[in-house]
There are 2 protein chains.
Amino acid sequence: MTELVVKPVTRRRREIVAAARDLVELEGADALTMRRLAERLGIRAPSLYKHVPDKAALEAAVIATGLEDIAAVLEAAVNEASEPLVAVAAAYRAFALSQPHLYRLINDRPLPREHLPPGLEDRAAAPLLRAVQNQTRARAVWAFAHGMIMLELAQRFPAGADLDAGWREGIAALLGHARSAAT
Amino acid sequence: MTELVVKPVTRRRREIVAAARDLVELEGADALTMRRLAERLGIRAPSLYKHVPDKAALEAAVIATGLEDIAAVLEAAVNEASEPLVAVAAAYRAFALSQPHLYRLINDRPLPREHLPPGLEDRAAAPLLRAVQNQTRARAVWAFAHGMIMLELAQRFPAGADLDAGWREGIAALLGHARSAAT
DNA sequence: GTCTATAGTGGGATAGAC
DNA sequence: GTCTATCCCACTATAGAC
């Protein structure tokens, strides 16, 4: 009569996923191995398989928690600003730079969509869409932000580059274009 | 009396680097291992070490050839267009999508700058800078293009998304902003 | 310039005992 | 829920013979 037969999300499982996320953020996605994770939890790697079916499911669970946080952060930003686009962009940038390894894990490979809570991807995308009122524009803004973040994280900009100026330039351009398109 | 003592770039070495680049492009950067590369060349992995000091040098050599090609492609584009920015963006996009794994290898981690020919990084960046006449704007455009490319390669856009429209939107915005700033 | 042999490291995952 | 023992895999790199 248990309700969840296939995937009982127990407290222990949540602890494991939280530790996995910590590991990713502290040492990068490559450091997330069953052995290293077990070590962090003070157990042996094979024990993890009593709680998680395999490594892919573990990664998907970590990604889901990250997407939830992104959605929450952007929802808060879009609701408290006279310039929603500027606020959403700033919040997105702040999240990515505060948890860069998690950001990369989420965004630089295909999402494990079949293992994600339904609607979560859309929830994370909604605030920006609301800020710019247009899907195509939302995608252009997302691409600009993602590009700035990834190039900064990959240290592809020259050493002294003024990245704040780059952000202002891009957001101003996309905002200005939105304004003129609306008239 | 040989001129190059440390790094004799022999014909055999060039063949190896070319095979490495093929391997990257066919199966991704992770597939570039000494064993797989040797297999492709019909030899054994340890033999490679007679021609290349280690794997890092091999990767750097592959990256250098890719950067040369990017520079060449963008130089050609900027010289043959009435709208240099549009032409450079299109050429950059085309290069990335035609060799996606090489593009990622070059752009999603720090460049091995100490193993690259001097000036090569700048040469690859020059055409875009020439097209927009301003470093900050050039970086914003680069970020937009890089973001569009990386999100497409990572399959992060929704299935039916009109990416051409996204490109037009972003480039038009950044171009328009450049025009109004110039007046 | 290529080979064999090998060292050393690290990974995912399973079986079966407790 | 955790353990030990284990399998099988793959990787970079070196030594030394030919």
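Residue numbers start from 1 in every chain, and the chains themselves are labelled A, B, ... in the order their sequence lines are given, proteins ahead of strands.
A 6.0 Å sphere centred on CG of D164(A) holds more than 12 heavy atoms belonging to other residues, nucleotides or ligands.
Note: CD1 (I16(B)) to C1' (dT2(C)) measures 11 Å, nearest angstrom.
With sequence neighbours left out, the side-chain hydrogen bond (donor to acceptor under 3.5 Å, both in side chains) criterion links W142(A) to Y92(A). By the side-chain hydrogen bond (donor to acceptor under 3.5 Å, both in side chains) test, E25(A) pairs with no residue at all, sequence neighbours left out. Qualifying side-chain contact (heavy atoms from CB on, under 4.5 Å) partners for A91(A), counting only residues two or more places apart in sequence or in other chains: V73(A), L74(A), A77(A). For E39(A), the side-chain hydrogen bond (donor to acceptor under 3.5 Å, both in side chains) criterion is met by no residue, not counting sequence neighbours.
In the hydrophobic cluster analysis, where Ile, Leu, Val, Met, Phe, Trp and Tyr join through side-chain heavy atoms closer than 4.5 angstrom, F157(B) is grouped apart from L129(A).
Phosphate proximity of dC3(D) to S47(A): present, with a side-chain N or O under 4.0 Å from OP1 or OP2.
Looking at residues 19-27 of chain B, you'll see that no heavy atom sits under 4.0 Å from any atom of DNA chain C.
In this pair, W167(A) and F144(A) present their aromatic rings perpendicular. The plane angle is above 60°, beyond the 30 to 60° band.
At the heavy-atom level, T33(B) lies under 4.0 Å from the strands shown only through sugar-phosphate atoms.
Between L163(B) and M148(B), the shortest heavy-atom distance links the atoms O-CE, 3.8 Å.
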> Can you give one letter per nucleotide of nucleotides 13-18 of chain D, 5' to 3': B if a protein heavy atom sits under 4.0 Å from the base, S if only from the sugar-phosphate, - if neither?
Replying inline: BBB---
